[in-house]
Protein chains: 2
Amino acid sequence: MNKKKKYTIQDIAKELNTTASTVSRALQDNPRISEKMRKSVKELADRLDYHPDFRALSLKKGSGRTIGVMVPHIDRYFFSTVLRGIDEVATEMKYSVLICQSFESAEKEELLIKSLLSGKVDGMLASVAASTKHASHFELFGKRGIPLVFFDRAWMPMNVSKVVIDDYAGAVASVRHLVEAGCRTIAHLAGPQHINVYKNRTSGYLDTLKEYGLQMDESMIFQNTITRETGCKAMSEILAMDNLPDGIFSSGDYSALGAIICARENGIRVPQDIAITGFANEPFGSIIHPSLTSVDQHGAEMGRQAASLLIEEMESNIEYFIPRTIVLKPKLIIRDSSQRKPNH
Amino acid sequence: MNKKKKYTIQDIAKELNTTASTVSRALQDNPRISEKMRKSVKELADRLDYHPDFRALSLKKGSGRTIGVMVPHIDRYFFSTVLRGIDEVATEMKYSVLICQSFESAEKEELLIKSLLSGKVDGMLASVAASTKHASHFELFGKRGIPLVFFDRAWMPMNVSKVVIDDYAGAVASVRHLVEAGCRTIAHLAGPQHINVYKNRTSGYLDTLKEYGLQMDESMIFQNTITRETGCKAMSEILAMDNLPDGIFSSGDYSALGAIICARENGIRVPQDIAITGFANEPFGSIIHPSLTSVDQHGAEMGRQAASLLIEEMESNIEYFIPRTIVLKPKLIIRDSSQRKPNH
DNA sequence: TTTGATAATACAATCGATTGCACAAAAATA
DNA sequence: TATTTTTGTGCAATCGATTGTATTATCAAA
């Protein structure tokens with residue numbers, strides 16, 4: 001009596017002297033089942049707190065209405081807002097969401113994907129890890145017939161749907177803003193260039209310098225600088241330079257933060273001596289001193305769009321769904337770290 | 001040829017003119033299979049990129065080696081560190097982790113749990129939502145024979161294992177520190193009292209006041225104040241008081257943040273006019289101005305301990321696993337927001 | 001009373017794996 | 001050569017559901 005048990009459709013059938021098929025149909029309100037039988041089945045099912053086994057059901061049906069989501073980190077504000085957007089749409093459409101984090105590791109990403117492929121998910125949303133150098137594991141989804149939609153950090157060569165923001169435009173807006181704030185020598189903290197979002201931000205930076213006829217200087221570009229630590233290190237190197245830049249465009253908020261803190265520790269004023277802008281609009285940007293100018297990426301909206309696109313593809317019966325790419329417009333949020341003109 | 005297909009063990013069997021059982025055994029290195037057969041099966045499996053169907057496998061085996069984790073929010077630093085700790089242990093022990101967030105909603109929590117119960121998880125780790133007022137949905141795990149371990153926000157009346165921190169001790173350390181910094185009237189931003197962690201923090205506050213013979217004043221306790229907004233609101237109310245407190249012990253970092261910002265906006269200096277301490281040691285505490293004194297909860301360690309405890313219970317064959325409660329010691333991190341003596 | 005239609009339920013195959021048991025062929029022993 | 005043992009495979013049941021196709025029972029019409 002004490003042994004815990006999971007009740008099955010067979011248990012209910014046995015108890016009522018009938019068969020599993022009748023019970024199954026009764027629970028589905030199949031009209032071929034008598035009112036009386038339906039009632040007693042439902043009552044017993046309720047009493048036993050019966051719920052169909054997910055594995056058996058999805059095995060039989062060929063789908064478990066589950067969407068997998070792969071993000072580099074769940075605790076990055078941007079990704080957590082994307083996840084919220086995905087959750088909204090998925091819940092509304094009666095899908096479950098299975099969240100995975102790669103911790104920016106390509107190996108972990110590959111392992112997780114292989115585990116998801118064996119029937120755990122029916123569709124996939126992914127943003128690739130920073131250390132990912134090839135996408136063969138993402139190709140597996142196509143081979144298995146599981147729709148895949150990239151968001152934000154997309155693997156561009158792959159012919160699948162993508163939801164991204166216009167990082168190039170965000171970078172252009174940011175650098176223009178710095179120039180208009182009076183900056184003439186603008187350094188750049190760049191992200192890993194094999195990831196589309198970072199490459200586009202760097203392109204926006206370079207093109208905007210050109211647009212204003214400003215000289216591009218290799219030594220002013222710091223590669224692979226997206227963490228607080230590397231941002232701080234870059235700032236130290238900057239401070240050791242002969243000709244100090246008067247502006248920094250960072251591809252991420254964390255590296256911008258590192259730079260600001262390092263500047264403060266070395267008696268350099270932001271924005272008076274150096275104006276700084278970040279990217280991602282992490283919440284800390286509004287509470288640090290000086291508050292950080294950044295680019296908002298509309299995470300929730302991206303999540304909603306990506307989930308909608310994926311579900312549309314999953315539910316379409318079209319043999320070959322034609323991949324679509326949705327580009328969202330980012331928004332420059334101007335705060336103190338870059339405002340040099342107004343008060344000076 | 002173009003139709004995407006998922007290969008099964010039957011496909012491999014047919015191709016090699018053998019049966020599914022042989023293929024299954026070959027893939028498992030069963031000694032009853034000849035070297036030759038094993039080799040050709042493995043080769044073909046490799047070529048087709050075959051992986052056993054997770055649903056079929058876990059249905060047959062009765063377990064999918066999956067641990068479910070329910071957290072209120074994945075983007076709270078504390079919870080994300082717990083998740084990392086859980087992931088570490090789970091990965092090492094060859095378990096998968098299924099992350100769910102309740103968004104602090106009891107209904108969402110209940111829905112998610114019901115969906116997890118039907119064979120999606122073999123063990124569960126949970127931290128209850130703020131709005132949860134009864135635990136009947138958590139009781140279901142017991143009825144299904146699925147081990148459950150609470151971490152941090154535990155439902156104390158339930159007789160299951162728990163991993164918590166000594167919130168009482170953390171509060172005591174925090175309030176003592178304020179008193180020693182010279183505070184004589186200490187206000188308190190309290191969390192929802194039906195959640196053990198917040199109740200314990202409030203108890204620690206009250207007892208420490210008593211310990212120092214300080215008067216407890218109902219009007220100095222602000223209930224249900226754990227967000228930045230409510231923290232700010234509480235500070236406004238404080239500033240409107242006749243006798244201003246000279247210290248605030250907040251049950252959370254976000255409300256402490258709201259209070260600090262509100263104080264700054266109103267020309268009140270922290271810590272000179274009012275010393276403030278928070279709880280959770282969110283990363284922003286070290287980058288805001290003034291930096292925030294807080295209590296660290298050892299999230300990763302908690303995650304590791306909870307996962308280990310759960311896995312131990314899952315793998316034990318003991319009929320009735322005797323629940324254990326692990327209590328971790330929190331650590332007071334002293335920063336600027338509470339340091340009144342040293343520099344003044 | 002016989003036939004035909006209809007309603008309600010049972011039987012059996014299926015989804016993709018695992019595994020105990022039976023069985024054949026080959027090898028070892030008598 | 002006859003018998004036993006070993007070795008390698010196939011058959012069939014099982015996990016927990018769903019669903020097409022029997023198969024009854026019931027009742028109305030002829």
Side-chain angles (χ1 to χ4, degrees), chain A residues 5-42 44-45 48-66 115-122 144-146, chain B residues 5-42 44-45 48-66 115-122 144-146:
Chain A
K5 206 189 142 45
K6 219 194 113 194
Y7 292 101
T8 72
I9 218 169
Q10 333 280 344
D11 298 321
I12 298 183
K14 204 169 294 170
E15 184 73 22
L16 298 174
N17 282 315
T18 179
T19 60
S21 44
T22 301
V23 174
S24 171
R25 290 193 168 98
L27 291 171
Q28 292 175 79
D29 285 318
N30 187 308
R32 275 163 53 185
I33 300 299
S34 69
E35 196 54 50
K36 203 178 119 202
M37 181 57 106
R38 187 199 328 282
K39 202 164 150 268
S40 39
V41 165
K42 286 199 171 177
L44 185 55
L48 299 184
D49 210 12
Y50 166 83
H51 285 280
D53 186 288
F54 173 77
R55 299 160 297 184
L57 210 135
S58 63
L59 177 58
K60 186 85 232 298
K61 293 238 167 154
S63 160
R65 292 191 82 79
T66 303
S115 127
L116 293 179
L117 276 168
S118 15
K120 282 190 182 173
V121 300
D122 309 296
R144 289 285 195 299
I146 297 175
Chain B
K5 204 185 145 41
K6 218 194 114 192
Y7 292 101
T8 72
I9 216 167
Q10 334 280 343
D11 298 322
I12 298 183
K14 204 169 294 168
E15 185 71 25
L16 298 174
N17 283 314
T18 179
T19 59
S21 43
T22 299
V23 174
S24 171
R25 289 191 173 100
L27 291 171
Q28 291 173 80
D29 285 320
N30 187 310
R32 276 162 54 187
I33 300 299
S34 69
E35 197 54 49
K36 201 178 123 203
M37 181 57 105
R38 187 200 328 283
K39 200 162 152 270
S40 41
V41 165
K42 286 199 170 175
L44 184 55
L48 300 184
D49 211 11
Y50 165 84
H51 285 281
D53 186 287
F54 173 77
R55 300 161 297 186
L57 210 135
S58 65
L59 177 59
K60 186 84 235 296
K61 293 240 168 154
S63 160
R65 292 190 83 80
T66 303
S115 127
L116 293 180
L117 276 168
S118 8
K120 281 191 184 175
V121 299
D122 309 295
R144 289 285 195 299
I146 297 175

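The chains referred to below are lettered A, B, ... by the order of the sequence lines, with proteins before strands, and numbering in each begins at 1.
Under 3.5 Å, the side chains of Lys120(B) and Ser115(B) contain a donor-acceptor pair of N or O atoms.
Nucleotides of DNA chain D nearest to Lys61(A) and Ala56(A) differ in position, and the one nearer the 5' end is that of Ala56(A).
Contact annotation for Phe54(B): no contact, since no heavy-atom pair falls under 4.0 Å across all strands. Thr8(A) comes within 4.0 angstrom of sugar-phosphate atoms only, judged by non-hydrogen atoms across all strands, and of no base. Note on Gln28(B): only backbone sugar-phosphate atoms sit closer than 4.0 angstrom, heavy atoms only; bases stay farther off.
One N or O on the side chain of Ser40(A) and one on the backbone of Lys36(A) form a donor-acceptor pair closer than 3.5 Å. Between the side chain of Ser58(A) and the main chain of Phe54(A), a donor-acceptor pair closer than 3.5 Å is present. At distances below 3.5 Å, at least one donor-acceptor pair connects side-chain atoms of Gln28(B) with backbone N or O atoms of Ser24(B). Judged by distance alone, the side chain of Thr66(B) and the main-chain N or O of Gly64(B) form a donor-acceptor pair under 3.5 Å.
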Please write out each protein N/O paired with an N/O of nucleotides 8-12 of chain D under 3.5 Å, distance rounded to 0.1 Å.
residue: dT9(D); atom: OP1; partner: Ser34(B); partner atom: OG; Å: 3.2
residue: dT9(D); atom: OP2; partner: Ser34(B); partner atom: N; Å: 3.3
residue: dT9(D); atom: OP2; partner: Ser34(B); partner atom: OG; Å: 3.3
residue: dT9(D); atom: O4; partner: Arg32(B); partner atom: NE; Å: 3.4
residue: dT9(D); atom: O4; partner: Arg32(B); partner atom: NH2; Å: 2.6
residue: dG10(D); atom: OP2; partner: Thr18(B); partner atom: OG1; Å: 2.4
residue: dG10(D); atom: OP2; partner: Thr19(B); partner atom: N; Å: 3.3
residue: dG10(D); atom: OP2; partner: Thr19(B); partner atom: OG1; Å: 3.3
residue: dG10(D); atom: OP2; partner: Thr22(B); partner atom: OG1; Å: 3.0
residue: dG10(D); atom: O6; partner: Arg25(B); partner atom: NH1; Å: 3.1
residue: dC11(D); atom: N4; partner: Ser21(B); partner atom: OG; Å: 3.0

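Taking five base pairs at each end of the helix from dT1(C)-dA30(D) to dA30(C)-dT1(D), the local helix axes there meet at an angle of 70°, rounded to 10°.
A salt bridge is absent between Asp122(B) and Arg144(B): the closest approach of a Lys/Arg side-chain nitrogen to an acidic carboxylate oxygen does not fall below 4.0 angstrom. Between Asp29(A) and Lys42(A) there is a salt bridge, with a side-chain nitrogen of the basic residue lying less than 4.0 Å from a carboxylate oxygen of the acidic one.
In this structure, CD of Gln10(A) is placed 15 Å from P of dA13(D), rounded to the nearest angstrom.
Applying the salt bridge (charged side-chain N to carboxylate O under 4.0 Å, His left out) test between Glu35(A) and each of Lys39(A), Arg38(A), Arg32(A) identifies Arg38(A) as the sole match.
Between Ser118(B) atom OG and Lys6(A) atom NZ the span is 7.0 Å, to the nearest 0.5 Å. We find the CG-CG distance between Asp53(B) and Leu59(B) to be 9.5 Å, quoted to the nearest 0.5 Å.
The footprint of chain A on DNA chain C, defined by a heavy-atom cutoff below 4.0 Å, extends from dA8(C) to dG16(C).
Side chains of Ile12(A) and Tyr50(A) form a contact here, defined as non-hydrogen atoms less than 4.5 Å apart.
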